[in-house]
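By convention in this document, chain letters (A, B, ...) are assigned in the order of the sequence lines, proteins followed by strands, and residues within each chain are numbered from 1. Computed from heavy atoms alone, side chains included, the values below leave out hydrogens, waters and symmetry copies.
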Number of protein chains: 2
Amino acid sequence: MVKIKTEKTTEEKILAAAKKVFISKGMSGARMQDIADEAGINKALLHYYFRSKEKLFEVIFLEAAQKLFPKINSIFESDMPLFQKIEHFSEEYITVMAENPYLPLFVLNEINQDPETFLNKIWGKQNLPRPQKFLEQIEKEVRKGTIKKVSPLHLLMNLISLSVFPFVAKSMIQFTLGLDELQYRAIMEQRKKEIPKFIIDSIKK
Amino acid sequence: MVKIKTEKTTEEKILAAAKKVFISKGMSGARMQDIADEAGINKALLHYYFRSKEKLFEVIFLEAAQKLFPKINSIFESDMPLFQKIEHFSEEYITVMAENPYLPLFVLNEINQDPETFLNKIWGKQNLPRPQKFLEQIEKEVRKGTIKKVSPLHLLMNLISLSVFPFVAKSMIQFTLGLDELQYRAIMEQRKKEIPKFIIDSIKK
DNA sequence: ATATATTTTAACCAAATAGTTAACAAAGTA
DNA sequence: TACTTTGTTAACTATTTGGTTAAAATATAT
């Protein structure tokens, strides 16, 4: 019988704790002490593994951004037909976000605090959404006459809005509608099918 | 010729400065010194007019929340027919938010940081969205057969997502699409008509 | 076993930051 | 004018917080 290592290394504990604290409090609201407590270690250890709060934050933020965008691009830039792409996108996106519901708000908020820093320095632009191909595809379908004459840009914004916003407004939605965690998840599950149906019903001829 | 007072009172200067700083940096990222500088006054004056950072923040946050929700409710609860309500909502909402584009992200983010505090203590629930009547109205239309068999809840979420998200993601959108302020505003202007068209095309029989 | 390198901690430090105080200035009032 | 209230400031204080240090504990190599 081989012994399998299940204990987290200190670095993993730190990263998990940092992720939790940064995502719930944001960069400026997070305290190094809170992260240390959450990880069950001494504060000095944070600085031993990651030099500063900024460095630690950068790791967490990049990981979050990686999770948010690359998958979007791989779908946007694939060769699927339009309707299938729309279905695939909301399915995939909601699946990933259901496991990390606070991620979109976290990323959007940090970007908003200092767009310059985040959008230029931290990212190579390969991580950013590249909707070009998707936009062209819509335009082509419009010209072919297979869908109604819709604005590609607005259709893009619609697809993303419908998929992302329910996560950004999670707390709000749960509170105003009185939903517990399970009910919320169930509704997000439904949306995987609801969104493409809603969109396709609107644009198909 | 009567002299008209155009100078701001100190209190107004503070509120304007606090609004600007809090909305761009958030509660935890904002510095009292920044607010004082922005208002062109001494830091001690902030404490003279508002006792603490928290008190000052509460004023700003409430004002922001007031602007965000009551109008929504007055539309949701009016007696307009459904389609007109949808048109009216996106028109009204986008008009208000175009003047305060960072407001939704600010409010959603602060709520997220501490839902308990914000949603219970600070608000009397009269400010929160009350979508009940709107949901019932949709259900009625479905039963009458005037629109397709859609989920009222998802339709509600769709309308709000489509209207609010483009403001929440403003920085992101501008950066990835390379839009300046004017172009962004123009697109939001278009959305006032695009959103209701998009929705109604989807649900009408 | 001994020595060396790595990991972890408690105690400390310096900078940042919310909040206070006491004195001064301006405006209102008798 | 004298006096009181209101508004404003510079300088200061207390606390929070990111970061450091030096020593102890643990693991690793010889």
- [ ] Give the intermediate values and the outcome of salt bridge (charged side-chain N to carboxylate O under 4.0 Å, His left out) for residues A:Asp114 and B:Lys25.
- [x] CA-CA 9 Å; A:Asp114 191 346; B:Lys25 305 279 187 181; over 6 Å; no
Task: Cationic N near anionic O, under 4.0 Å, A:Glu58 to A:Lys53 - done: no
TODO: Using a cut-off of strictly less than 4.0 Å, decide whether A:Tyr49 has a side-chain nitrogen or oxygen near OP1 or OP2 of C:dT8.
DONE: yes
Task: A:Lys55, NZ: over 12 other non-hydrogen atoms inside 6.0 angstrom - done: no
- [ ] Quick one: closest heavy-atom pair of B:Ile111 and A:Met172, and the distance?
- [x] CD1-SD, 3.7 Å
Open item on the list: Can you build the contact string for nucleotides 11-24 of chain D? Use B for base contact, S for sugar-phosphate-only contact, and - for no protein heavy atom under 4.0 Å.
Closed with: ------SBBBB---
Task: CD (A:Glu54) with more than 12 external heavy atoms under 6.0 Å - done: no
Task: Rounded interatomic separation in angstrom, taking CD1 from B:Ile41 and P from D:dG7 - done: 13 Å
- [ ] Report the relative orientation of the aromatic rings in A:Phe76 and A:Phe134; use parallel for angles under 30°, tilted for 30 to 60°, perpendicular for over 60°.
- [x] parallel
Open item on the list: Rounded to whole Å, please give me the gap between CG in A:Leu46 and P in C:dT9.
Closed with: 11 Å
Task: B:Leu45 CG - C:dA26 P separation (whole Å) - done: 14 Å
Open item on the list: Using OP1 and OP2 only, check whether a side-chain N or O of A:Thr10 sits under 4.0 Å from C:dT8.
Closed with: yes
Task: Whole-Å gap separating P (D:dT26) and OH (A:Tyr48) - done: 15 Å
